Amino acid sequence: MQETATQVLIRVSKKWYRIRYLDPDTRKRLMLLSEEEFEVELQGLLKPAA
């Protein structure tokens, strides 16, 4: 089943909202990733350095 335009906009908006505070280069890189890759990368960025 193919996503509708509305579904795509909602998915992209949610992704953008989660990364809005990051620098532009990081945002560009993350926006190009699939949902699974995005989650992994974002968790890596959000984990505090121990």
Side-chain angles (χ1 to χ4, degrees):
M1 188 171 99
Q2 198 171 19
E3 284 184 305
T4 65
T6 304
Q7 290 170 322
V8 171
L9 286 172
I10 290 171
R11 181 175 46 80
V12 170
S13 296
K14 286 180 180 179
K15 189 185 274 190
W16 176 258
Y17 182 77
R18 293 177 68 189
I19 63 172
R20 68 191 181 284
Y21 60 89
L22 299 174
D23 66 272
D25 291 332
T26 303
R27 285 193 310 244
K28 282 183 200 176
R29 183 174 56 82
L30 290 174
M31 288 302 286
L32 294 174
L33 299 175
S34 70
E35 287 297 316
E36 295 82 22
E37 294 169 329
F38 174 81
E39 291 297 329
V40 170
E41 288 288 323
L42 187 60
Q43 291 305 315
L45 290 172
L46 296 179
K47 282 187 181 175

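Throughout, residue positions are numbered sequentially from 1 according to the sequence presented. Source: prediction; values computed, not measured. Values below: every heavy atom of this structure, side chains too, minus hydrogens, waters and symmetry copies.
- Pairing each heavy atom of Leu22 with each of Arg27, the nearest pair is O-NH1, 2.8 Å.
- Judged by distance alone, the side chain of Arg20 and the main-chain N or O of Tyr17 form a donor-acceptor pair under 3.5 Å.
- Between Glu37 atom CD and Glu39 atom CD the span is 11.5 Å, to the nearest 0.5 Å.
- Using a 4.5 Å cut-off between side-chain heavy atoms of Ile, Leu, Val, Met, Phe, Trp and Tyr, with links allowed through other members, Leu30 and Val40 fall into different hydrophobic clusters.
- Taking hydrophobic clusters as Ile, Leu, Val, Met, Phe, Trp and Tyr residues chained together by side-chain heavy-atom distances below 4.5 Å, Met31 does not share a cluster with Leu9.
- Taking both residues in full, the closest heavy atoms of Val8 and Glu3 are given as CG2-OE1, 3.5 Å, listed atom of the first, atom of the second, then distance.
- Residues Leu33 and Phe38 come closest through the heavy atom pair CB-N, 3.9 Å.
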Test side chain to side chain contact (heavy atoms under 4.5 Å, CB included) on Ile19 and Leu42 and set out the steps. CA-CA 8 Å; Ile19 63 172; Leu42 187 60; 3.9 Å; yes

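- Between Lys14 and Glu35 there is no salt bridge, since no side-chain N of the basic residue sits under 4.0 Å from a carboxylate O of the acidic one.
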